[in-house]
Amino acid sequence: MDNSEQSPRKLIDDIIHFISQERSLYGDFMVNETNAAAEEEASVTDDSSSSSPVRTPEAKSSDPPDKDSAGKAADNIYDQINQCNTLEELEALCRKADVLRTDLQGTQLVFGVGNPKADLMLIGEAPGAEEDKQGEPFVGRAGQLLDKILAAINFKRDEVYIANILKHRPPKNRNPKPEERERSLPFLLRQIDLVNPKLILSLGKVSAQTLLDKNLSLSKMRGKFHPFRDKYELLATYHPAALLRHSKWKRPTWKDVQRLRKRYDELGGKP
Ligand code: URA
């Protein structure tokens, strides 16, 4: 067979491969996004849903939360955040920061993982059981789906940087409390500045609400780039754990991550 006969066949094979990959990752194309958004509003048990507003002026500055709630020892630790000039220094500080702990005893720090100079940073909600065991974000079932989502838009896991709003696991994987998010945020903001990505992908409602300091549904926050702290652009999308339970959200997620890849390339993101 000569090349002119092979090319159309190859093109068709590529299209079939792309569509079946999209379908297996993101579900049926006929899913109605309006219904998906409506169901998100109705859901209260999903880990990317219902959360109380959090006072997050920290999303704009790295100021510590109210001093009286955190105590004097905490004052000292917040004073040290901006003295950390590397991720290693910040991780060492986080390791001794009791203010980052939840009320679950014996958890280990899940600081963050990936390329320290990444142009794309992903921010989830909080570590789960597997993440706590391994000390690494997104290594459980949701993490496996996240790796597939990244692969579908041509990123390898180790090319990006991944962190969470909380650095310790909450008991029974409950949503992070507003005060836990508030105490963790100055550490996360320093971490973001040290990585200095071009783009941030916020995974789930807790992450988006905390970083954007908005008490909105995810369907209202997703799908567009938000300016973030004058330096970054932030896109919010559904949390992979939510996609495992609600396949109707896969299609809008697919659109979001396509948008993310396009913007990343426009901004000259590497690789
Ligand atoms: N969910 C998250 O938000 N973060 C993790 O690290 C794992 C699951």
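Read the numbers this way: they start at 1 and go in the same order the structure lists the ligands and their atoms. Values below: every heavy atom of this structure, side chains too, minus hydrogens, waters and symmetry copies.
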(message) Using a plain distance cutoff, I'd like to know if P127 has any nitrogen or oxygen under 3.5 Å from a nitrogen or oxygen of ligand 1.
(response) no
(message) Residue-level breakdown please: for E131 versus ligand 1, do any non-hydrogen atoms fall below 4.0 Å on the side chain, on the backbone, on both, or on neither?
(response) side chain
(request) Check each of G124, G112, G128, A126 against atom 5 (C) of ligand 1 and report the one with the nearest heavy atom. (result) A126
(request) Provide the number and element of each atom of ligand 1 under 4.0 Å from a heavy atom of P137. (result) 6 (O)
(request) Mark the output for H239 as yes if a heavy-atom distance to ligand 1 is under 4.0 Å, and as no if none is. (result) yes
(request) Verify the distance criterion only: is there a donor paired with an acceptor across the side chains of R222 and T237 at less than 3.5 Å? (result) no
(request) Apply the test side-chain hydrogen bond (donor to acceptor under 3.5 Å, both in side chains) to residues K167 and Q108: give CA-CA distance (whole Å), side-chain angles for both, the deciding distance (0.1 Å), then the verdict. (result) CA-CA 8 Å; K167 300 202 182 301; Q108 71 162 316; over 6 Å; no
(request) Could you list the atoms of ligand 1 found under 4.0 angstrom from a heavy atom of E125? (result) 2 (C), 3 (O)
(message) For K198, is there any backbone N or O sitting under 3.5 Å from a side-chain donor or acceptor partner on Y264?
(response) no
(message) Centroid separation under 6.0 Å, is that true for the rings of H168 and F111?
(response) no
(request) Decide side-chain contact (heavy atoms from CB on, under 4.5 Å) for D98 and R101; before the verdict, give the C-alpha distance in whole Å, the side-chain angles of both, and the deciding distance to 0.1 Å. (result) CA-CA 5 Å; D98 285 341; R101 295 193 165 277; 3.8 Å; yes
